[in-house]
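It should be emphasised that the depicted structure is a prediction, and the values quoted were computed from it without experimental measurement. Note on naming: letters A, B, ... go to the chains in the order of the sequence lines (proteins, then strands), and numbering restarts at 1 for each one.
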2 protein chains.
Amino acid sequence: MVKRTSHGAARCPVARPLDAIGDQWSLLILRDAFEGTTRFSAFQKSLGVSRNILSVRLRNLVDHGILDTAPAADGGAYQEYRLTEKGRGLFPVLVALRQWGETYFFAPEESHVVLVDRKHGLPVRRVEVRSQDGRLLGHEDTAISRIGERSTDTT
Amino acid sequence: MVKRTSHGAARCPVARPLDAIGDQWSLLILRDAFEGTTRFSAFQKSLGVSRNILSVRLRNLVDHGILDTAPAADGGAYQEYRLTEKGRGLFPVLVALRQWGETYFFAPEESHVVLVDRKHGLPVRRVEVRSQDGRLLGHEDTAISRIGERSTDTT
DNA sequence: CCGTATCCATTCCGATACTG
DNA sequence: CAGTATCGGAATGGATACGG
């Protein structure tokens, strides 16, 4: 009877996305999508997730406009899942998460460059947080202030 | 009997953090922590989450070394929760997520600058993904390639 | 005031069987 | 191959009662 709280109407732009990606699998699905994966079975094989969960997660991502489905592309008889523009907008999030994971979840000799820009063939160095005037803000000295405050509520 | 899959031993640096932050509340707790929140009740009041869940999530974040607890600071008789260096390393992730949320989950007139660098008093502009030579990689042209590949496995 | 423990409903996830 | 349906167990989350 007590429904789980949705963040979709929250005033904070950090909160709303959590309905779409705040779980154990969605970001990994999107990681594979950025790698070029489009097929249901390819996701399933890469992730090792059970198919019913993959089905639910894919539908949730489609419902949130992060992925869409196209009838076919390589002649296969089934759909393919593609990143929308909104979905591609998650790239900095994945890079930032990956950077953090590599720094704090792996031993030094375990770390390697594995992010490559597909267009230029360049490895991705890092995600940088910059202020309005372009100054680089070191995260050690930086904090989020009043992050949840909004001026209006159109929800 | 069938345990949920842990990503802690995954080879991918995007995957491992999901045990720590892959849920509906952890990133919001950390958002508040960046705002300066340290007390249990302050988190609870800000988030509206039930106290038992908050307790479990805080302990999970402490277990992952993202927060730590200090005996007291303002003379209060209880603990306070503080970001560790590892926790502060999540700042780019939160900024990137917030940027994406603001762009795709809010109407234009609903959006305002709410990220402020505490030290310089400057609004945070955006998160940028750059290559090794410092070139800015637009996320429209960019994809993650071989993101999950690791050279060694020291787990 | 600061949490923890308990109870319960919902959700997530894994295994598997099934349909097209 | 591409999913969906069903089942059971585990985890999440909400309401609330309880002890420090």
Side-chain angles (χ1 to χ4, degrees), chain A residues 1-10 15 18-30 32-33 37-64 67-82, chain B residues 1-10 15 18-30 32-33 37-64 67-82:
Chain A
M1 211 58 170
V2 181
K3 296 281 284 186
R4 167 184 231 146
T5 306
S6 167
H7 301 293
L18 291 174
D19 286 347
I21 60 163
D23 63 88
Q24 294 281 305
W25 292 111
S26 293
L27 287 175
L28 298 180
I29 292 170
L30 292 166
D32 284 359
T37 301
T38 60
R39 305 293 285 252
F40 187 93
S41 289
F43 285 112
Q44 199 278 325
K45 194 168 300 186
S46 167
L47 299 174
V49 65
S50 52
R51 288 195 295 275
N52 55 348
I53 294 300
L54 179 59
S55 180
V56 171
R57 291 279 140 244
L58 284 172
R59 182 161 42 242
N60 186 248
L61 290 170
V62 170
D63 289 345
H64 278 92
L67 299 176
D68 65 4
T69 55
D74 55 351
Y78 295 97
Q79 297 175 353
E80 63 177 18
Y81 297 90
R82 304 174 309 178
Chain B
M1 210 58 172
V2 180
K3 297 279 285 185
R4 169 183 229 144
T5 306
S6 166
H7 301 293
L18 293 174
D19 286 347
I21 59 162
D23 64 89
Q24 294 282 303
W25 292 111
S26 292
L27 287 175
L28 298 180
I29 292 170
L30 292 165
D32 285 359
T37 300
T38 60
R39 305 292 285 250
F40 186 93
S41 290
F43 286 113
Q44 199 278 325
K45 195 167 300 184
S46 167
L47 299 173
V49 65
S50 53
R51 288 196 293 274
N52 55 347
I53 294 298
L54 179 59
S55 180
V56 170
R57 291 278 140 248
L58 284 172
R59 182 161 42 244
N60 188 248
L61 291 170
V62 170
D63 289 346
H64 278 91
L67 299 177
D68 65 5
T69 54
D74 55 352
Y78 296 96
Q79 297 174 355
E80 63 177 19
Y81 296 89
R82 304 174 310 180

Between D/dG3 and A/Gln79, is there an OP1 or OP2 to side-chain N/O distance shorter than 4.0 Å?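 Indeed, a polar side-chain atom of A/Gln79 lies that close.
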B/Ser41 side chain N/O closer than 4.0 Å to the phosphate oxygens (OP1, OP2) of C/dC1?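 For C/dC1, neither OP1 nor OP2 has a side-chain N or O of B/Ser41 closer than 4.0 Å.
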Taking [atom1] from [X] and [atom2] from [N], how many angstroms apart are they, rounded to a whole number?
{"X": "A/His7", "N": "D/dG14", "atom1": "NE2", "atom2": "C1'", "value": "13 Å"}
{"X": "B/Leu18", "N": "D/dA11", "atom1": "CG", "atom2": "P", "value": "17 Å"}
{"X": "A/Asn60", "N": "D/dG3", "atom1": "CG", "atom2": "C1'", "value": "17 Å"}
{"X": "A/Ile29", "N": "D/dG3", "atom1": "CD1", "atom2": "C1'", "value": "14 Å"}
{"X": "A/Phe40", "N": "D/dT4", "atom1": "CZ", "atom2": "P", "value": "7 Å"}
{"X": "B/Arg59", "N": "C/dG3", "atom1": "CZ", "atom2": "C1'", "value": "10 Å"}
{"X": "B/Arg39", "N": "C/dG3", "atom1": "CZ", "atom2": "P", "value": "7 Å"}
{"X": "A/Leu54", "N": "D/dA5", "atom1": "CG", "atom2": "P", "value": "15 Å"}

In terms of relative ring orientation, are A/Tyr81 and A/Phe43 parallel, tilted or perpendicular, with 30° and 60° separating the classes? perpendicular
Sub-3.5 Å donor-acceptor pair from the side chain of [X] to the main-chain atoms of [Y], do we have one?
{"X": "A/Asp19", "Y": "A/Gly8", "value": "yes"}
{"X": "B/Glu80", "Y": "B/Ala70", "value": "no"}
{"X": "B/Gln24", "Y": "A/Asp23", "value": "no"}

If the sugar-phosphate is the primed atoms plus P, OP1 and OP2 and the base is the rest, what is the B/S/- string for nucleotides 12-20 of chain C, using protein heavy atoms under 4.0 Å? SBBB-B--B
Would you please test B/Leu28 and A/His7 for side chain to side chain contact (heavy atoms under 4.5 Å, CB included) and show each step? CA-CA 10 Å; B/Leu28 298 180; A/His7 301 293; 3.6 Å; yes
Minimal non-hydrogen separation, A/Ser46 against A/Asp32, with atom names: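 Result for this residue pair: OG-OD2, 2.7 Å.
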Base, sugar-phosphate alone, or nothing: which one does A/Tyr81 contact when heavy atoms must sit under 4.0 Å apart? sugar-phosphate
Euclidean distance, A/Ser55 OG relative to A/Asn60 CG, rounded to 0.5 Å: 11.0 Å
